[in-house]
Amino acid sequence: MSTSSRPYIGDAARDIARLLPGRWDAAVEIYSHPVWQEDLAAWLWDSGELTRAVQSTRILYAATLTESVSGTTLLLTERPEHQHDYLLGAFPPKPFGEGHGDRHAPASIILPPFPDRAAKAIKKRFLPAYDRAVHDRRTATVTDALDRIHTEHNAWTTKVISGRYSDASPPGADALDDAIETFLDKAWPEFLSVMQHAPALLDKCRPAATAQPDDTHALARLADSSLTPRTWTAASRSTDESAAAGHGRSSARG
């Protein structure tokens, strides 16, 4: 048995959690099997030293710090080859899935072995960087989803609204139905992704004080409507009506 100059990592995580804003819960994780550590690497949302340490150094245990309201989850480990320091990084928010290799991931930071100084570094440096990374990732997710919806809609419009195939022959009713189904199958998951992330982005756009109160009101209405099932129903109805109108024009030309 060997002794360590460090405190038990569960105690260190608990002491830091008490000093962070909000309500944080600390828990210890044991990686006694190397495969468990390999699984951990895939889920880390980090572009710094923590990822490199997990991938190259045997780590037997770590601690998580989870904020009960936001669900933000951080990982605290002893810094390899250093007697006192710690490394702190993050897992991605649940809607993002695995975090490995994400270009938006925040960089982990080195923490001193003093709870007050470590908590201050997390509050002043890491959590703001984490929030910016979440915002950037959401923006990219929504932008990419809207681009894919736009591409699929253009293809659908060309085939259905024009009422012609590339060889100028009019499509039949079955072909129109297939085109609509294909568009919805491809666009619906992207639409759900927009609905999942857009409200949080709109909230970020609301200024605390503005000379244009109408802008704030408009943003509030957009955020509220994106959470309302009637918006989804209206989108489906609009798609059905457009398809019907396109089919009618195609039949008339035929």
Side-chain angles (χ1 to χ4, degrees), residues 1-138 140-141:
M1 179 180 294
S2 61
T3 61
S4 172
S5 59
R6 304 179 195 259
Y8 174 56
I9 196 166
D11 293 338
R14 181 199 61 208
D15 292 341
I16 292 172
R18 289 173 178 171
L19 298 172
L20 294 178
R23 182 177 177 180
W24 293 80
D25 298 316
V28 175
E29 293 193 343
I30 306 297
Y31 312 122
S32 55
H33 196 290
V35 172
W36 299 350
Q37 183 177 332
E38 293 173 8
D39 292 341
L40 171 68
W43 286 96
L44 276 179
W45 197 41
D46 173 57
S47 58
E49 185 177 339
L50 179 58
T51 291
R52 295 192 294 272
V54 170
Q55 291 176 334
S56 62
T57 305
R58 187 72 177 98
I59 294 175
L60 296 176
Y61 50 82
T64 59
L65 293 88
T66 304
E67 211 286 314
S68 59
V69 176
S70 66
T72 299
T73 303
L74 311 180
L75 185 75
L76 179 74
T77 69
E78 296 177 350
R79 190 183 184 197
E81 300 180 1
H82 291 75
Q83 292 185 351
H84 303 292
D85 294 339
Y86 294 90
L87 290 173
L88 180 119
F91 294 103
K94 288 183 179 179
F96 293 160
E98 292 186 1
H100 178 69
D102 179 18
R103 61 188 177 90
H104 301 288
S108 51
I109 62 173
I110 301 169
L111 296 180
F114 309 105
D116 54 344
R117 289 170 53 186
K120 183 177 180 180
I122 295 171
K123 288 187 290 186
K124 299 294 185 181
R125 292 168 49 203
F126 188 79
L127 290 180
Y130 173 88
D131 288 340
R132 287 193 299 272
V134 171
H135 181 77
D136 290 344
R137 173 72 182 268
R138 280 184 173 141
T141 299

task = Kindly determine whether Leu40 and Leu75 satisfy side-chain contact (heavy atoms from CB on, under 4.5 Å), including the steps that lead there.
result = CA-CA 10 Å; Leu40 171 68; Leu75 185 75; 4.0 Å; yes
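- With hydrogens and angles ignored, the 3.5 Å screen pairs a side-chain donor or acceptor of His82 with a backbone N or O of Pro80.
- Between Glu78 and Tyr86 there is a side-chain heavy-atom pair separated by less than 4.5 Å.
- The two atoms that bring Arg58 and His33 nearest to each other are NH2-C, 3.6 Å, heavy atoms only.
- Residues Pro113 and Asp85 are in side-chain contact: their nearest non-hydrogen atoms beyond the backbone lie under 4.5 Å apart.
- The distance from the CD atom of Glu67 to the CG atom of Asp25 is 8.5 Å, given to the nearest 0.5 Å.
- Between atom CZ of residue Phe91 and atom CG of residue Leu74 there is a gap of 9.0 Å, rounded to the nearest 0.5 Å.
- Minimum interatomic distance between Asp102 and Trp45 (heavy atoms only, all atoms of both residues): OD2-NE1, 2.6 Å.
- The shortest non-hydrogen separation linking Ala90 to Phe126 is CB-CZ, 3.7 Å.
- Put simply, CD1 on Ile59 and CG on Leu87 are 7.5 Å apart, with the number rounded to the nearest 0.5 Å.
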Between side-chain atoms of residues 8-23 and protein atoms elsewhere (two or more places apart, or another chain), which donor-acceptor pairs fall under 3.5 Å?
from, atom 1, to, atom 2, distance (Å)
Asp11, OD1, Arg14, NH1, 3.3

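- The line from CD of Glu49 to CZ of Arg52 is 6.0 Å long, rounded to the nearest 0.5 Å.
- Summarising the geometry of Gly89 relative to Ser108, their closest heavy-atom pair is CA-CB, 3.9 Å, with the distance given to 0.1 Å.
- When atom types are taken as modelled, the side chain of Gln37 and the backbone of Val54 share a donor-acceptor pair closer than 3.5 angstrom.
- To the nearest 0.5 Å, atoms OG1 (Thr72) and NZ (Lys94) are separated by 11.5 Å.
- Note that OG1 of Thr73 and CH2 of Trp24 are 7.5 Å apart. Values are rounded to the nearest 0.5 Å.
- Side-chain atoms of Asp136 never come within 3.5 Å of backbone atoms of His104 as a donor-acceptor pair (strictly under, hydrogens ignored).
- Lys123 and Pro128 get closest at one heavy-atom pair: O-CD, 3.2 Å.
- The backbone N or O of Ala62 lies less than 3.5 Å from no partner atom in the side chain of Thr77, so there is not a single donor-acceptor pair.
- When each of Leu111, Thr64, Ile122 is checked for a side chain to side chain contact (heavy atoms under 4.5 Å, CB included) with Leu76, only Leu111 meets the rule.
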